[in-house]
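Lettering of chains follows the sequences in order, A, B, ..., and the numbering in each one begins at 1. From a predicted model like this one, the values you see are computed outputs, not experimental measurements.
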Amino acid sequence: MVEWTAAERRHVEAVWSKIDIDVCGPLALQRCLIVYPWTQRYFGSFGDLSTDAAIVGNPKVAAHGVVALTGLRTALDHMDEIKSTYAALSVLHSEKLHVDPDNFRLLCECLTIVVAGKMGKKMSPEMQAAWQKYLCAVVSALGRQYH
Amino acid sequence: MSLTSKQKATVKDFFSKMSTRSDDIGAEALSRLVAVYPQTKSYFSHWKDASPGSAPVRKHGITIMGGVYDAVGKIDDLKGGLLSLSELHAFMLRVDPVNFKLLAHCMLVCMSMIFPEEFTPQVHVAVDKFLAQLALALAEKYR
């Protein structure tokens, strides 16, 4: 189980309080598809992803960005049981969606950069550390049921 | 994943925009490296204080950023241009190359923080690729 200090819990909550999921979700997924274009392999049914402008204007990408970020937020209410919280989602990503778990890390990197852009220096180094620890825990839980 | 000529131009342009804040970005990036990845402090055991925001960390972050700017000027031949820096890292400093990626991530976070409008996905991918090429050039002489 992941151990959290009181300060880390406060930092993670503080970051989430600055995140508008409807804005940051789409931005993070768009950035991931542009910066790491091989991630587009999972979105064949989303229509036009052929240019950066197409990705940014694609409503299915935006909608899915909201879904993914909402999923990432779930751990906030279950910080002491992250592994079990994501067990079913992990099975889904492995057995049905067949997503290489390294993609979770790539999306989270893009999310951190989007959030950093919104928060500026208000995201202190200690806050960034706690935030990345949170994302690491979720990424690990999502990759756990792969076999 | 080498840089297209358009991406090289994007990198040069963004770094030029960044130049007034480059010291701050360098200092912040190294502070964040030791905060987010505490194992990196193992390379700085000879400093009195290797905590985020400390004077030696900020000073060294500025030094590193100077090296990155120097590399921008050598973007057409990073391997050749960074030969002696690579030898320094390989034979003297012996920094595990995995850490180059960690510092690059912290630099990207700082760039996004300080230039949120300018650090578009297009700039992001170009700078990410550049830093990856830089890391490869730095690791060239390792073995």
Side-chain angles (χ1 to χ4, degrees), chain A residues 5 7-8 11-12 15 18 23-24 26-40 49 51-58 61 65 102 105-137 139, chain B residues 1 3-4 6-7 10-11 14 18 21 24-41 49-54 57-58 61 98 101-132:
Chain A
T5 64
E8 282 172 338
H11 284 319
V12 172
V15 176
K18 295 283 181 291
V23 171
C24 291
L27 285 176
L29 186 58
Q30 289 157 12
R31 193 168 279 254
C32 189
L33 296 173
I34 290 170
V35 176
Y36 306 111
W38 54 93
T39 57
Q40 293 169 25
L49 299 176
T51 63
D52 294 352
I55 289 170
V56 170
N58 188 311
V61 169
D102 196 54
R105 183 184 61 81
L106 298 179
L107 178 60
C108 287
E109 276 190 18
C110 288
L111 176 61
T112 298
I113 281 167
V114 165
V115 171
K118 296 279 173 210
M119 291 186 67
K121 289 235 192 150
K122 285 201 204 89
M123 188 194 247
S124 66
E126 293 73 20
M127 204 175 262
Q128 184 188 340
W131 171 250
Q132 290 200 210
K133 180 176 168 178
Y134 172 94
L135 291 178
C136 243
V139 163
Chain B
M1 294 195 250
L3 293 154
T4 64
K6 186 159 185 253
Q7 284 169 338
T10 299
V11 169
F14 181 70
M18 239 188 9
R21 303 293 302 271
D24 193 19
I25 290 175
E28 274 290 331
L30 196 64
S31 280
R32 281 156 199 283
L33 181 73
V34 296
V36 180
Y37 309 103
Q39 70 275 15
T40 56
K41 286 189 288 192
D49 182 5
S51 59
S54 71
V57 166
R58 291 191 65 87
V98 73
K101 199 168 199 314
L102 302 183
L103 180 57
H105 168 73
C106 291
M107 285 180 173
L108 296 177
V109 169
C110 289
M111 289 171 191
S112 180
M113 262 178 193
I114 294 176
F115 293 94
E117 303 299 313
E118 294 86 344
F119 198 67
T120 61
Q122 291 70 32
V123 169
H124 178 168
V125 64
V127 176
D128 190 33
K129 282 174 75 171
F130 166 67
L131 292 175

### Residues B/Asp128 and B/Lys101 bridged, charged N to O under 4.0 Å
no
### B/Ser51 (side chain) donor-acceptor with B/Ser54 (main chain) under 3.5 angstrom
no
### Message
If we ignore hydrogens and angles and just use 3.5 Å, is the side chain of A/Glu8 paired with the main-chain N or O of A/Ala130 as donor and acceptor?
### Response
no
### Message
Less than 4.5 Å apart, side chain to side chain, heavy atoms only: is that true for A/Val23 and A/Lys118?
### Response
yes
### Query
So which of B/Met113, B/Glu117, B/Gln122 has the biggest tally of heavy-atom pairs under 4.5 Å with chain A?
B/Met113
### Per-residue contact mode, B/Met1 against chain A (heavy atom under 4.5 angstrom)
side chain
### Message
Please rank A/Met119, A/Met123, A/Glu126 by heavy-atom pairs under 4.5 Å with chain B and give me the top one.
### Response
A/Met123
### Query
Which bit of A/Gln132 comes within less than 4.5 Å of chain B, counting heavy atoms only: side chain, backbone, both or neither?
side chain
#### Entry: Residue part contacting chain A, namely of B/Tyr37, when any heavy atom lies under 4.5 Å
side chain
### Task
With a 4.5 Å cut-off on heavy-atom pairs, point out which of B/Asp24, B/Leu33, B/Val34 contacts chain A the most.
B/Asp24
### Task
Taking the side chain as every heavy atom from C-beta outward, state whether A/Arg31 and B/Phe119 have any atom pair closer than 4.5 Å.
yes
### Query
Which heavy atom of A/Val15 sits nearest a heavy atom of A/Val115, and at what distance?
CG1-CG1, 3.7 Å
#### Entry: Side chain, backbone, both or neither of B/Glu28 within contact of chain A (heavy atoms, under 4.5 Å)
side chain
